[in-house]
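To start, the structure under review is shown below, and the notes come after it.
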Number of protein chains: 2
Amino acid sequence: MSSATLNADTLAQKLADSGLRATPQREVVYNVLIKKRDHPTADEVFARVKSELPTISLATVYNCLETLVQCDLVRAVNFERGPTRYCPNLRPHAHFHDEQTGKTHDIDLPPTLLETVHSVLPRGFDASSVEIIFRGKATKSAH
Amino acid sequence: MSSATLNADTLAQKLADSGLRATPQREVVYNVLIKKRDHPTADEVFARVKSELPTISLATVYNCLETLVQCDLVRAVNFERGPTRYCPNLRPHAHFHDEQTGKTHDIDLPPTLLETVHSVLPRGFDASSVEIIFRGKATKSAH
DNA sequence: TTCATAGTTTGGAATAGTTCTAATTATCAC
DNA sequence: GTGATAATTAGAACTATTCCAAACTATGAA
Ligand SMILES: [Mn+2]
Ligand SMILES: [Mn+2]
Ligand SMILES: [Zn+2]
Ligand SMILES: [Zn+2]
């Protein structure tokens, strides 16, 4: 069974869990995110999806991305003014924003780290999620 | 010497360091941020500043906020789609976003934490800053 | 099958937040 | 004071996103 088929099944399943249908548009949008995990904007997703579904509309891309976020298949990422970016990496990870290139890299986190970070919260703060963003420059060796 | 005067001096000094002038608009915008540290949007700053400078324009508020950010007197904060928020707290701190109320709280960080977080970066990633955002709910006791 | 219904997509209009522009006003150095 | 430079202002323009109403599609009961 191909990885694309696995993804399609995962997608169909998660959508069904939320009472939603697996449409061609949703599948292609999701596959575009999986295929190139560079945190694209909605416009960039739109451009990539068009080559497979030339008649898709930008509104539909926004709708699909929103749906995928609701189904916990994709994370919406905002760490600066400017368009929202989309990330299909569901493992706990931080983002490294390279200020020279504008590229955003995923940084895997050791399981203990989120615990440690969480532990700095004073009483009365009950966090359901933690987000970590680095800014700086990445050298060539860091692909 | 009053705290307002101290702030005004700090402001004038930092602006001068960047070759900029201390104008009434810049002073009032800065004082508004200092006075109520609730991470207001530009629109909210505009509304507060108007009571002291009724003829100030929204464009000037944006200009002043941008200037204060450049001079490292204020941080611009973006952790979701929606207007940028402004924070005059220069100590290392995280943000806690209360999803019920929409309010954003400052969480002071022990000096070791940023080191620990920083240490998860693989070779090739050179971070100049780290940002931490919690999301969840704050109980009444957490003011 | 056929039809009714609900879900989805679509293009365009509308909106929110911000930035740009060109004209005016304030400040500084001489 | 005068001229140069910096800052403010109102409004236009712009970007990203959401809203809307119409058309289309899938589903599934009769
Ligand atoms: Mn950037
Ligand atoms: Mn919020
Ligand atoms: Zn990511
Ligand atoms: Zn803050």
Side-chain angles (χ1 to χ4, degrees), chain A residues 8 11-30 32 39-50 52-71 73-86 102 104, chain B residues 8 11-12 14-32 39-50 52-71 73-86 102 104:
Chain A
L11 175 62
Q13 187 53 60
K14 287 260 199 169
L15 286 168
D17 291 350
S18 304
L20 301 169
R21 296 175 187 165
T23 66
Q25 290 86 348
R26 286 171 179 166
E27 286 174 4
V28 175
V29 166
Y30 184 57
V32 154
H39 305 86
T41 64
D43 264 341
E44 288 164 349
V45 172
F46 183 43
R48 294 175 197 179
V49 167
K50 264 183 186 163
E52 193 149 347
L53 294 177
T55 64
I56 197 172
S57 75
L58 178 57
T60 299
V61 170
Y62 274 104
N63 289 341
C64 292
L65 289 170
E66 168 71 7
T67 298
L68 295 174
V69 169
Q70 304 296 4
C71 297
L73 283 157
V74 167
R75 279 170 60 183
V77 178
N78 286 283
F79 38 69
E80 56 185 357
R81 255 274 102 203
T84 297
R85 297 178 167 277
Y86 295 89
T104 297
Chain B
L11 174 62
K14 286 257 199 173
L15 286 169
D17 291 350
S18 303
L20 300 168
R21 297 176 186 166
T23 65
Q25 288 87 348
R26 287 172 178 166
E27 286 175 2
V28 174
V29 166
Y30 184 57
N31 284 333
V32 153
H39 305 84
T41 65
D43 265 341
E44 288 165 348
V45 172
F46 183 42
R48 294 174 197 180
V49 166
K50 263 184 187 160
E52 193 149 348
L53 294 177
T55 65
I56 196 172
S57 75
L58 178 56
T60 298
V61 170
Y62 274 105
N63 290 340
C64 291
L65 290 170
E66 167 72 7
T67 298
L68 295 175
V69 170
Q70 304 296 5
C71 296
L73 283 158
V74 167
R75 280 170 60 183
V77 179
N78 285 283
F79 38 68
E80 57 185 355
R81 254 276 99 204
T84 297
R85 295 179 169 276
Y86 295 88
T104 297

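Heavy atoms only: backbone and side chains are in, while hydrogens, waters and symmetry mates are out. Being a predicted model, the structure only gives us computed values, none of them experimental. Lettering follows sequence order; numbering is per chain, from 1.
Dashed line: the shortest gap from a side-chain N or O of T84(B) to OP1 or OP2 of dG17(C) is not under 4.0 Å. OP1 or OP2 of dT18(C) has at least one side-chain nitrogen or oxygen of Y62(B) nearer than 4.0 Å. A close approach under 4.0 Å does not occur between any side-chain nitrogen or oxygen of Q25(B) and OP1 or OP2 of dA26(C). Phosphate contact (OP1/OP2 of dT8(D), side-chain N/O of S57(B), threshold under 4.0 Å): absent. OP1 or OP2 of dT25(D) has not a single side-chain nitrogen or oxygen of T23(A) nearer than 4.0 Å. Dashed line: the shortest gap from a side-chain N or O of R26(B) to OP1 or OP2 of dA7(D) is under 4.0 Å. Taking only side-chain nitrogens and oxygens, R81(B) comes nearer than 4.0 Å to OP1 or OP2 of dT17(D).
When the nucleotides dA7(D), dT9(D), dA16(D) are ranked by their closest atom to the side chain of L20(B), dA7(D) comes out on top. Nearest to the side chain of A59(A), among dT5(D), dT10(C), dT8(C), sits dT10(C). Set against dT25(D), dA6(D), dT9(C), the side chain of N63(A) has dT9(C) as its closest nucleotide. Here the side chain of T60(B) is nearest to one of dT9(D), dT10(C), dT27(D), namely dT9(D).
Comparing C64(A) and R85(B) along DNA chain C, the residue whose closest nucleotide (by nearest heavy atom) sits nearer the 5' end is C64(A). Map G82(B) and R21(B) each onto its nearest nucleotide of DNA chain C; the residue landing nearer the 5' end is G82(B).
Residues A22(B) and L15(B) share a closest heavy-atom pair of CA-CD1, 3.7 Å. Among all heavy-atom pairs drawn from V45(A) and P40(A), the shortest one is CG2-CG, 3.7 Å. When all heavy atoms of R81(A) and T84(B) are compared, the closest pair comes out as CG-OG1, 3.2 Å. When every heavy atom of I56(B) is checked against every heavy atom of K50(B), the shortest pair comes out as CG2-CG, 4.4 Å.
Counting to the nearest Å, the C1' atom of dT9(C) and the CG atom of L65(A) are 14 Å from each other. We find that NZ of K50(B) is positioned 17 Å from P of dT8(D), with the value rounded to whole Å. In this entry the distance linking CD of E44(A) with C1' of dA16(D) reads 13 Å, nearest Å. Between the CD1 atom of I56(B) and the P atom of dT25(C) there is a distance of 17 Å, given to the nearest Å. Rounded to an integer number of Å, the gap from CD of E27(A) to P of dT9(C) is 11 Å. Atom CG of L15(A) and atom C1' of dA6(C) are 16 Å apart (whole Å). Computed from coordinates, the L58(B) CG to dA12(D) P distance equals 15 Å when rounded to whole Å. Summarising the geometry, the separation between CZ on F46(A) and P on dT10(C) is reported as 9 Å, rounded to the nearest angstrom.
Among the heavy atoms of the strands lying under 4.0 Å from T55(B) are primed sugar atoms or P, OP1, OP2 only; no base atom is included.
Heavy atoms of other residues, nucleotides or ligands lying less than 6.0 angstrom from CD of E52(B) number 12 at most.
Of the possible donor and acceptor atoms, none in the side chain of R26(B) sits under 3.5 Å from a partner among the backbone N and O of L68(B).
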